[in-house]
Chemist: 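Sending over a structure as structure tokens; questions will come in a sec.
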Amino acid sequence: MPDIQVRDLTPQPAAAIRATQPMSELDMAALFGEHMANLAHRLADLGIQPAGPPYARYHEFGPERAVVEIGVPVSTPVPNVPALMEAEVGELGSAELPGGRVAILVHRGPYAGLPGAYAAIEAWAHESGESLGGPMWESYVDDPSEVAEADLRTEVIWPLG
């Protein structure tokens, strides 16, 4: 059984964009490529520094479409931008990663292995009698341009109900 930790998180302000794609066309690398540079430039223009690694949070994941929040944690809420769910798709919005009890599994290796991390958390929850909530997210601890694919660390974080 993989090493799954249960932690209590404090809510974390974030700056993010929202993207919607059909599941058949979902390409997270392309979404990050399209949106992260713009997000970083907008934060720099506002004088806001990231307070943690980028993340992808899944508000809806199949079977027809995916609604994904792509963002970065920040130390204080982003001023003068709408709440993420009120912002236009692809536009900067103020978001918050939720607090509360979560299950966290650190996946090591290529992003293609992430479905196995989610399956491991589901199996752990079933065996331990925990209820999974949502939406879940991935925090990309390592930058793939700086770390070998086999050494990438991604935290898979799933709220507990």
Side-chain angles (χ1 to χ4, degrees), residues 1-20 28 31-32 35-61 66-109 111 113-144 146-147 151-161:
M1 182 65 78
D3 184 22
I4 296 170
Q5 299 176 7
V6 174
R7 292 190 209 153
D8 283 308
L9 299 182
T10 301
Q12 173 71 53
I17 63 92
R18 181 171 38 100
T20 300
M28 291 303 295
L31 284 175
F32 266 81
H35 295 292
M36 280 308 294
N38 181 42
L39 183 65
H41 290 303
R42 286 291 314 276
L43 289 178
D45 289 345
L46 294 169
I48 297 174
Q49 295 293 318
Y55 68 88
R57 186 172 180 218
Y58 300 96
H59 293 276
E60 187 177 325
F61 196 77
V67 178
V68 183
E69 172 182 333
I70 296 172
V72 294
V74 293
S75 56
T76 60
V78 180
N80 303 318
V81 298
L84 181 64
M85 292 306 176
E86 295 170 6
E88 295 293 323
V89 170
E91 293 296 319
L92 181 68
S94 182
E96 181 179 83
L97 291 171
R101 276 180 85 237
V102 298
I104 300 177
L105 182 139
V106 178
H107 168 73
R108 291 186 183 273
Y111 298 137
L114 287 169
Y118 285 100
I121 293 174
E122 287 178 307
W124 166 85
H126 178 75
E127 291 174 16
S128 62
E130 292 282 358
S131 297
L132 296 172
M136 62 284 215
W137 69 95
E138 299 160 2
S139 181
Y140 305 101
V141 178
D142 295 312
D143 182 338
E146 299 174 1
V147 175
D151 297 327
L152 289 172
R153 290 173 298 154
T154 306
E155 289 184 338
V156 176
I157 303 161
W158 204 326
L160 297 173

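For the single chain, residues carry numbers from 1 onward in sequence order. The analysis underlying the following values was restricted to heavy atoms, covering all of them including side chains, and did not include hydrogens, waters or symmetry mates. Since the structure is predicted, the reported quantities are computational estimates derived from the model, not experimental observations.
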Chemist: Rounded to the nearest 0.5 Å, how far apart are CD of E86 and CD of E91?
Modeler: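 The CD atom of E91 is 14.0 Å from CD of E86, to the nearest 0.5 Å.
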Chemist: Give, for atom OG1 of T10 and atom CG of L97, the distance between the pair rounded to the nearest 0.5 Å.
Modeler: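 So the OG1 of T10 and the CG of L97 are separated by 12.0 Å.
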Chemist: Is there a donor-acceptor pair closer than 3.5 Å between any side-chain N or O of W137 and the backbone N or O of W158?
Modeler: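 Side chain of W137 to backbone of W158: no pair is present.
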Chemist: Could you tell me which non-hydrogen atom of S94 sits nearest to which non-hydrogen atom of P77, and how far apart they are?
Modeler: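 Heavy atoms only, the tightest pair is OG-CB, 4.4 Å.
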Chemist: Please report the closest heavy-atom contact between A15 and V78, naming both atoms and the distance.
Modeler: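 Here A15 and V78 meet closest at CB-CG2, 3.6 Å.
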Chemist: Can V102 and M136 be said to form a side-chain contact (heavy atoms from CB on, under 4.5 Å), step by step?
Modeler: CA-CA 9 Å; V102 298; M136 62 284 215; over 6 Å; no
Chemist: Looking at A16 and L84, what are the two nearest heavy atoms and their distance?
Modeler: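 Looking at all heavy atoms of both residues, the shortest contact is O-CD1, 3.4 Å.
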Chemist: Considering only heavy atoms from C-beta outward, does the side chain of L160 approach that of L132 to under 4.5 Å?
Modeler: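 Counting from C-beta outward, L160 and L132 do come under 4.5 Å.
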Chemist: May I ask you to decide if V74's main-chain N or O and Q12's side chain share a donor-acceptor pair within less than 3.5 Å?
Modeler: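 Yes; judged by distance alone, with no hydrogens or angles, the pair exists.
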Chemist: List the residues meeting salt bridge (Lys or Arg N to Asp or Glu O under 4.0 Å) with E130, not counting sequence neighbours, and say none if there are none.
Modeler: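 With sequence neighbours excluded, E130 shows a salt bridge (Lys or Arg N to Asp or Glu O under 4.0 Å) to R101, given in chain and number order.
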Chemist: Regarding E138 and Y58, do their side chains bring together a donor and an acceptor under 3.5 Å, going by distance alone?
Modeler: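 Side chains of E138 and Y58: pair found under 3.5 Å.
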Chemist: Which residues satisfy the ring pair (Phe, Tyr, Trp, His ring centres under 6.0 Å) test with Y140, sequence neighbours excluded?
Modeler: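 Ring pair (Phe, Tyr, Trp, His ring centres under 6.0 Å) check on Y140 returns F32, Y111.
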Chemist: Write down the atom of D142, the atom of V147, and the distance for their closest heavy-atom approach.
Modeler: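 Nearest heavy atoms, D142 then V147: CB-CG2, 3.8 Å.
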Chemist: Could you tell me if the side chain of P79 sits less than 4.5 Å from the side chain of I48, heavy atoms only?
Modeler: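 I48 reaches P79 side chain to side chain.
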Chemist: Could you tell me the separation between the CD1 atom of I4 and the CG atom of L105, rounded to the nearest 0.5 Å?
Modeler: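 Rounded to the nearest 0.5 Å, the CD1-CG separation comes out at 5.0 Å.
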Chemist: Could you check if a side-chain atom of L92 sits within less than 4.5 angstrom of a side-chain atom of L46, using non-hydrogen atoms only?
Modeler: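 Yes, close enough: below the 4.5 Å cut-off.
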Chemist: Using a 4.5 Å cut-off on heavy atoms from C-beta on, say whether the side chain of L31 contacts that of I70.
Modeler: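 I70 reaches L31 side chain to side chain.
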Chemist: Counting only heavy atoms not in E88 (residues, nucleotides, ligands), do more than 12 fall under 6.0 Å from its CD?
Modeler: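 Incorrect, the count does not exceed 12.
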Chemist: Is a donor on one side and an acceptor on the other found under 3.5 Å between the side chain of R18 and the backbone of A87?
Modeler: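 Between the backbone of A87 and the side chain of R18 there is a qualifying donor-acceptor contact (under 3.5 Å).
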Chemist: Could you tell me if the side chain of P54 sits less than 4.5 Å from the side chain of H35, heavy atoms only?
Modeler: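 H35 does not reach P54 side chain to side chain.
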Chemist: For the CG atom of L114 and the CG atom of L152, what is their distance to the nearest 0.5 Å?
Modeler: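 Between L114 CG and L152 CG, I get 9.5 Å after rounding to 0.5 Å.
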Chemist: For E155 and Y55, what are the C-alpha separation, side-chain angles and deciding distance, and is it a side chain to side chain donor-acceptor pair (under 3.5 Å)?
Modeler: CA-CA 9 Å; E155 289 184 338; Y55 68 88; over 6 Å; no
Chemist: Could you tell me which non-hydrogen atom of P53 sits nearest to which non-hydrogen atom of S139, and how far apart they are?
Modeler: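 P53 and S139 have their closest heavy atoms at CG-OG, 3.3 Å.
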Chemist: What I'd like to find out is whether the side chain of R42 reaches to under 4.5 Å of the side chain of V81, using heavy atoms alone.
Modeler: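 Yes; the side chains approach each other to less than 4.5 Å.
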